[in-house]
Protein chains: 2
Amino acid sequence: MPTANLDLTFQALADPTRRGMVERLSLGPASVSELAAPYAMSLPAIVQHLALLEASGLVRSEKVGRVRTCRMEPAALSLAEQWFNQRRAEAEQRLDRLGEYLKRFPDGDPT
Amino acid sequence: MPTANLDLTFQALADPTRRGMVERLSLGPASVSELAAPYAMSLPAIVQHLALLEASGLVRSEKVGRVRTCRMEPAALSLAEQWFNQRRAEAEQRLDRLGEYLKRFPDGDPT
DNA sequence: TATATAGTTAGGTAATTGCTTAAGTATGGA
DNA sequence: TCCATACTTAAGCAATTACCTAACTATATA
């Protein structure tokens, strides 16, 4: 339902850095600097990416002491996944109907 | 594997107009003006959205006479879907390992 | 052949994105 | 208490995005 959230989710996943961060977090929680380690860019840039991931709901984080620990929010992932499933379901339904139709009128239009 | 293509795919799906067009095309092929009909924006804007959908490989189109017919390319959708499946698989694996671990050391660290 | 239809091309603009550097603020350890 | 660590905030900038209008090119149809 919340189409705005799908916007944010897909937008978040459209960037290879952010997708990399999600891949990392799918293996388990990580601190900001751990997330940043594989990338050549500045820490503020990473933090900005993280902010988008949090805005989309894909990632949640909490700070204890001076380290912020980030972890995946699986529900947000599955929301996007559902969208794909619906599209596939529709496409398959359509092809089923087309199949039925062709079985009844193998030569095309029933004219 | 082609991470650049995932970029384009998710980028394409991040916009509600384009996502709407994909939803429409999941029900079956449509002409450019049919795709444009539900939206308040100009035709050139729609054509631009369509160009992004084609660049991502989600949609393919061909022009016959003066009408261009657009249709879904299911393979591109399933590429994105696979990415989600991998993420979920990893997350579940991790939780399984965590479960095993807790079964062996119910009190936490094995120190 | 004239006119409407379906789409295309070109150019412009305001807002957003993905970075950067510089200068902070807490927190934890020697 | 001093210093390093782990971020955070602010400001700026070049490139991209999502539109727009105006003008154009084909292809049907009357």
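Lettering of chains follows the sequences in order, A, B, ..., and the numbering in each one begins at 1.
With sequence neighbours left out, B/Arg88 forms a side chain to side chain donor-acceptor pair (under 3.5 Å) with A/Glu81. With sequence neighbours excluded, the residues that form a salt bridge (charged side-chain N to carboxylate O under 4.0 Å, His left out) with A/Arg19 are B/Asp7. Partners of A/Gln11 by side chain to side chain donor-acceptor pair (under 3.5 Å), not counting sequence neighbours: none found.
Taking every heavy atom of residues 44-60 of chain A and every atom of DNA chain D, pairs under 4.0 Å involve A/Pro44, by number. Annotation: proximity of residues 28-43 of chain A to DNA chain C (heavy atom, distance under 4.0 Å) is found for A/Met41, A/Ser42, numbered in ascending order. Residues of residues 13-24 of chain B that place a heavy atom closer than 4.0 Å to DNA chain D, in numerical order, are B/Asp15, B/Arg18. For residues 64-73 of chain A, proximity to DNA chain D is found at A/Arg66, A/Val67, A/Arg68, defined as any non-hydrogen atom under 4.0 angstrom from a strand atom.
Residue pairs meeting the side chain to side chain donor-acceptor pair (under 3.5 Å) criterion with at least one member in residues 50-67 of chain B, sequence neighbours excluded: B/Glu54-B/Ser61, B/Arg60-B/Glu73, B/Ser61-B/Arg68. Counting only residues at least two apart or on different chains, the ring-ring contact (aromatic ring centres under 6.0 Å, His included) pairs with a member in residues 62-91 of chain A are A/Phe10-A/Trp83, A/Phe10-A/Phe84, A/Phe84-B/Phe84. For residues 38-49 of chain B, the set of pairs meeting the side chain to side chain donor-acceptor pair (under 3.5 Å) definition, not counting sequence neighbours, comprises B/Arg18-B/His49. For the salt bridge (Lys or Arg N to Asp or Glu O under 4.0 Å) condition, no pair includes a residue of residues 36-45 of chain B, sequence neighbours left out.
Nearest heavy-atom pair, B/Met41 versus B/Ala45, reported as atom, atom and distance to 0.1 Å: SD-CB, 3.7 Å. When every heavy atom of A/Arg87 is checked against every heavy atom of B/Ser26, the shortest pair comes out as CD-OG, 3.4 Å. Residues B/Ser78 and B/Ala75 approach most closely at OG-O, 3.0 Å, considering heavy atoms. In terms of heavy atoms, A/Arg24 sits closest to A/Leu35 at CG-CD2, 3.8 Å. Across A/Ala80 and A/Leu6, no two heavy atoms sit closer than the pair CA-CD2, 3.9 Å. B/Met72 and B/Val59 get closest at one heavy-atom pair: SD-CG2, 4.1 Å.
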Evaluate the salt bridge (charged side-chain N to carboxylate O under 4.0 Å, His left out) criterion for residues A/Arg97 and A/Glu100: first the C-alpha distance (whole Å), next the side-chain angles of each, then the deciding distance (0.1 Å), finally the verdict. CA-CA 5 Å; A/Arg97 280 196 302 272; A/Glu100 280 305 307; over 6 Å; no
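Under a hydrophobic-cluster definition in which Ile, Leu, Val, Met, Phe, Trp and Tyr are linked whenever side-chain heavy atoms come within less than 4.5 Å, directly or via other members, B/Val47 and B/Leu25 are assigned to the same cluster.
Contact footprint of chain A on DNA chain D: nucleotides with an atom under 4.0 Å from a non-hydrogen protein atom, first to last in 5' to 3' order, D/dA4 to D/dT9.
Note: CG (A/Asp7) to C1' (C/dT16) measures 14 Å, nearest angstrom.
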